[in-house]
Protein chains: 2
Amino acid sequence: MNQTPQGTSGQTLLFLTDEQLRKGIEAMFFAYRGFTADPDRILSDLAYGRAHHRAIHFIHRSPGTTVNNLLAILGVTKQSLNRVLRSLIADGLVSSTVGKRDKRERHLHLTDKGAALERSLSDAQRDRMRSAYRAAGPAAVAGFRQVLEAMMDDEMRHHYLALVDKPDGR
Amino acid sequence: MNQTPQGTSGQTLLFLTDEQLRKGIEAMFFAYRGFTADPDRILSDLAYGRAHHRAIHFIHRSPGTTVNNLLAILGVTKQSLNRVLRSLIADGLVSSTVGKRDKRERHLHLTDKGAALERSLSDAQRDRMRSAYRAAGPAAVAGFRQVLEAMMDDEMRHHYLALVDKPDGR
DNA sequence: CTAGTCATGTCAACAAGGCTGACGTATTGT
DNA sequence: ACAATACGTCAGCCTTGTTGACATGACTAG
């Protein structure tokens, strides 16, 4: 539909105008605001922010994960993460237990209260995602994921793939 | 490929598991970091941040735009935007001229220096977008844009569509 | 013309959430 | 025994967002 030069490895190369690429860039910008809008609204009522949401999300996804592990996925410093974890633990949303095999590690879990918040956040985010998926159709959804995956940094793609091929935490 | 119930208006409804939706959510999260990574690297050498990038991008896209207009697109307070604009103007990257028809308005343009920075930022971002598009293929690209568009808030979609159907600023 | 509204700029104060650097304490591996 | 690792924490700094208040000049409706 839009090919011209032939790539090196049998790959068909696309001819892509700056215009087409710019549209993609702007779509990412505007869509990401929608993507975070609903959880942000819920969180702001609770004196939490997006950083708390991320921590909660990934603890939910990988129950028992360690602090170091979370650090690698979130890509922030331990001081930043610690500030968030401290408040979540203090508020009884997250539990931190000393590792059995390696006592230096702390294993993180959501408490019932934490799981309840996680559910309300991800319900809101899934609702929007669901309606976007429905509006666009199944073929579009597959393409959506392909492009996003190709856009990730290598390291983040590894984290992504490791997560995605794992059963849901719930 | 994945339909089941019939929608109201001839629309085919998709059956979407929480699992599928969650993958999309995580893909957005990891991809957005890649999306901003390259410009962020360039900007951090110049004591600018993502906020400056956004202002520069949209001034480039809509030369002569007003402050109020930019405010609506960026969705921040005028105090936030003003802080950024002030530094860009002081550093000679952006020019602000009194409106001809309405003298209350200020029309914003990139200077040569500002345009040069814009180019280096968008080159970096387009390179990544281009390689993602190539890796995913043209059908995937169409789907990518469709899903993102459906994910936007109504107001943001209006801004997006107005921009996208406009010739490139360069 | 006058009153009200609008576009913009600015000051002050505050919060979230990044960052660096430094230090301390267990615990583990060599 | 010693070095490396996992974690927690203190202090301080930056960017970028917020609210609230106030000022100026320029339009606009009555």
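Just so it is clear: chains get the letters A, B, ... in the order the sequence lines come, proteins before strands, and each one is counted from 1. The figures here come from the full heavy-atom set of this structure, side chains too, leaving out hydrogens, waters and symmetry mates. All values reported here derive from a predicted model rather than from experimental measurement.
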All N/O contacts under 3.5 Å from nucleotides 20-24 of chain D to the protein, with atom names and distances to one decimal?
{"from": "dG20(D)", "atom 1": "O6", "to": "Gln79(B)", "atom 2": "NE2", "distance (Å)": "2.8"}

I want to verify a distance call: between dT10(C), dC27(D), dG8(D), whose nearest atom is closest to the Val67(A) side chain?
dG8(D)

With DNA chain C as reference, determine whether Asp102(A) or Gly49(A) sits nearer its 5' end, using the nearest nucleotide of each.
Gly49(A)

Interatomic distance where NE2 belongs to His107(B) and P belongs to dA26(D) [whole Å]:
14 Å

Between Glu105(A) (CD) and dG29(C) (C1'), how many Å, whole number?
14 Å

Measure from CZ on Arg101(B) to C1' on dC6(C) and round the result to the nearest Å.
14 Å

Determine whether any donor atom in the side chain of Arg86(A) lies under 3.5 Å from an acceptor atom in the base of dG8(D), or the reverse, and answer yes or no.
no

Go nucleotide by nucleotide along DNA chain C from the 5' end; which of Arg83(B) and Asn69(B) gets its closest nucleotide reached first?
Asn69(B)

Starting at atom CG of Leu85(B), determine the distance to atom C1' of dT8(C), rounded to an integer number of angstrom.
11 Å

So Tyr160(A) and Phe30(B), would you call those rings parallel, tilted or perpendicular, with 30° and 60° as cut-offs?
perpendicular

Atom-pair distance (CG on Leu70(B); P on dA7(C)), nearest Å:
15 Å

How are the rings of His53(A) and His57(A) set to each other: parallel, tilted or perpendicular (split at 30° and 60°)?
perpendicular

Asp40(B) CG to dG18(C) P: how many Å, rounded?
13 Å

With sequence neighbours excluded, tell me which residues meet side-chain hydrogen bond (donor to acceptor under 3.5 Å, both in side chains) with Tyr48(A).
Asp91(A)

Figure out the CZ/P separation between Arg106(B) and dG25(D), and round it to whole Å.
11 Å

Axis-to-axis angle across the helix from dC1(C)-dG30(D) to dT30(C)-dA1(D), five pairs each end, nearest 10 degrees, ~ 30°

Between dC27(D), dA26(C), dG17(D), which one does the side chain of Arg104(A) approach most closely?
dA26(C)

